[in-house]
Every structure is written in structure tokens, then in C-alpha cells.
Amino acid sequence: MTASSGALDVAAGALWFREALDRQAQAALVADIRAVLAEAPLFTPAMPRTAKPFSVRMSNCGPLGWVSDASGYRYQTFHPDTRRPWPPLPAALLALWERYSGFPAPPEACLINYYGPDARMSLHQDRDEADFTAPVLSVSLGDTALFRIGGEERSGPTRSLRLASGDIFLLSGPSRLAFHGIDRILAGTSTLLPEGGRFNLTLRRVTTA
Ligand code: MD3
Ligand code: FE
């Protein structure tokens, strides 16, 4: 997909497809994610060194999953608590990657972030993947998030966007290394999740080749 297909070009190489998924497609993805979470429950990551817990809870599906604990950030093949392999990527997520990513190889990881009403994610870069030439594809489900994106330097200017349920965000090119974060969740803005809050799914390549 390209900017000519209706996406907004919000940063160099970043494309925002607002309302890309209708309610039925969103509900189907939520059902897929709940099935993944039945096998690989949300865990609470912790900051490297300080072991301070994240407010966002996480899980993964696909061959590799992103984890963080006192020893550091990394991708690994198994859940940090159950020690079992991550469940496979649901077919609907593979189809979204094929439709939007423009990348020839399939994603290796889908990080599932769950935000309750008070969760946030501070400004960071995603640099734990070996291949920055591959894009990252994000899908938002549930309550709207106040998302901030800047450039490749932490101190540079940033823009704030509201990521709503059904929005798809594609990060490629220079934006792949942009600083970004979630300032807050706007509780009660969606009825998709009965428990409230927000899921964000990020599909990623991790290795080269
Ligand atoms: C910009 N997730 O999981 S999604 C993350 O809403 C993460 O949960 C946020 O940042 C969330 O690492 C933001 C949009 C997004 C995802 C990956 C990016 C923006 C990005 C990678 C590089 C630059
Ligand atoms: Fe990120």
C-alpha cells in the first residue's frame, strides 16, 4: 500500500491508514488475539537493570517474541513465564502484512501490547531487530491512544496523533527508527473490548534474509 491509496504521510516513510479495518474485521482480530492469549497469557515486562514493571502488559505470537526483564530487551522463541513456544501467527495477521507491508518475507514476530486505562509507553526507538530495512506494521484495537512520533533524535520535534480502533500504521524507511510512544489512553472511547483498554499489535521482521 502507498500514500496514493488514502493513507496519510505523517513522518518520512510513516503511513497512517485510518479506519482501515471495519468493526467485523476488528472483532475477528480480537477473537484471534484472545485465542493466542489463552495459550500465551499477558505477562508484565520489566525494565532492564532496575526491574521496574511496565504499565503495558504484553504477549507475542509467531516464531519470535519480544520480552524485557532485568537482564535486558530481546527476542526469544518462548514465553517468559510458561516457557512454552509462542503460538503461531493468525492467518488474518499474515494477510494484513501481505496487503500493507510491501515486504517479500513474512513477519517473524507479533508483539501484543495491552493498555489498561492508566498504561503508557515512554518515548523509545525499536532497535532490537537485526533488519531495519523491513517495515513494522501496527494495528490498534479498542480505546483510542494518544500517540507521539518524532524523528531519529530523542530531542527533536514530535507530533501527536490519536490512534483509533481499526487504524493501521506502517513504519518504513527513515520512520522505522523514529522515536515514538503512547502518552495516554482515552478510556471509554471504544466499545470493541468489553473490559475496556487497548490492544496494539506490531508485526515485525527480526532477522535478516
Ligand atoms: C514507530 N507500540 O510496541 S504502535 C511498540 O501503540 C510500540 O503499542 C506502540 O511502540 C503502541 O514498540 C506504538 C506504532 C509504532 C510501532 C512501531 C514503531 C510506531 C513505530 C517502530 C518504529 C517507529
Ligand atoms: Fe515501539
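Note that ligands are numbered from 1 as they come in the structure, with each ligand's atoms numbered from 1 the same way.
Within the 4.0 Å heavy-atom cutoff, Arg204 counts among the residues contacting ligand 1. Residue contact check for ligand 1: Tyr115 places a non-hydrogen atom closer than 4.0 Å to it. Residue contacts with ligand 1 leave out Gln125, since none of its heavy atoms falls under 4.0 Å from the ligand. For Phe179, the closest heavy-atom approach to ligand 1 does not fall below 4.0 Å. Proximity of Ala178 to ligand 1 is established by a heavy-atom distance of less than 4.0 Å.
With a 4.0 Å heavy-atom cut-off, ligand 1 is reached by no atom of Glu152. Contacts between Met121 and ligand 1 below 4.0 angstrom, taking non-hydrogen atoms only, involve the side chain exclusively. Proximity of Ser140 to ligand 1, defined as any heavy-atom pair under 4.0 Å, is not found for any part of the residue.
The cluster map of Ile, Leu, Val, Met, Phe, Trp and Tyr, joined by side-chain heavy atoms under 4.5 Å apart, puts Leu123 and Leu177 in different clusters. Linking Ile, Leu, Val, Met, Phe, Trp and Tyr whenever their side-chain heavy atoms come within less than 4.5 Å leaves Phe78 and Val206 in two separate clusters.
Within the 4.5 Å cutoff, no side-chain heavy atoms of Phe103 are placed close to those of Leu203. In this structure, Leu137 and Thr202 have side chains that are not in contact, with every pair of non-hydrogen atoms separated by 4.5 Å or more.
Counting only N and O atoms by type, the side chains of Ser55 and Asp118 include no donor and acceptor under 3.5 Å apart. Counting only N and O atoms by type, the side chains of Arg198 and Thr189 include no donor and acceptor under 3.5 Å apart. In this structure, a donor-acceptor pair under 3.5 Å is present between the side chains of Trp16 and Asp167.
Here the heavy atom of the protein found nearest to atom 6 (O) of ligand 1 is Arg198 NH1, 2.9 Å. Ranking protein heavy atoms by distance to atom 20 (C) of ligand 1, first place goes to Leu171 CG, 3.3 Å. Protein heavy atom at the shortest distance from atom 23 (C) of ligand 1 is Ser175 O, 3.2 Å. Taking atom 3 (O) of ligand 1 as the reference point, the nearest protein heavy-atom neighbour is Asn113 ND2, 3.0 Å. Protein heavy atom in closest approach to atom 12 (O) of ligand 1: Asp126 OD2, 3.0 Å. In terms of protein heavy atoms, atom 22 (C) of ligand 1 is closest to Arg176 O, 3.2 Å. Protein heavy atom in closest approach to atom 13 (C) of ligand 1: Phe147 CE1, 3.8 Å. Looking at atom 21 (C) of ligand 1, its nearest protein heavy atom turns out to be His180 CE1, 3.5 Å.
By the 30° and 60° cut-offs, the orientation of the rings of Phe43 relative to His79 is perpendicular. Taking the six-membered ring where tryptophan is involved, the planes of Trp66 and Phe54 are tilted, since the angle between them lies from 30° to 60°.
The option with the heavy atom closest to atom 17 (C) of ligand 1, from among Val136, Asp167, Val56, is Val136. Between the choices Pro174, Ser138, Ala145, the shortest heavy-atom distance to atom 4 (S) of ligand 1 belongs to Ser138. Considering only non-hydrogen atoms, atom 16 (C) of ligand 1 lies nearest to Thr202 out of Leu163, Thr202, Ile182.
Remark: Ile182 CD1 to Arg120 CZ distance equals 10.5 Å, nearest 0.5 Å.
For ligand 1 and Leu111, the ligand atoms under 4.0 Å from any heavy atom of the residue are 3 (O).
Distance alone, capped at 3.5 Å, is enough to place a donor-acceptor pair between the Ser59 side chain and the Ala40 backbone. At least one donor-acceptor pair closer than 3.5 Å links the side chain of His124 to the backbone N or O of His180.
Annotation for Tyr114 and Leu193: closest pair CE1-CD1, 4.4 Å, computed over non-hydrogen atoms.
When the N, O or S atoms of Asp126 are ranked by distance to the Fe ion (ligand 2), OD1 comes first.
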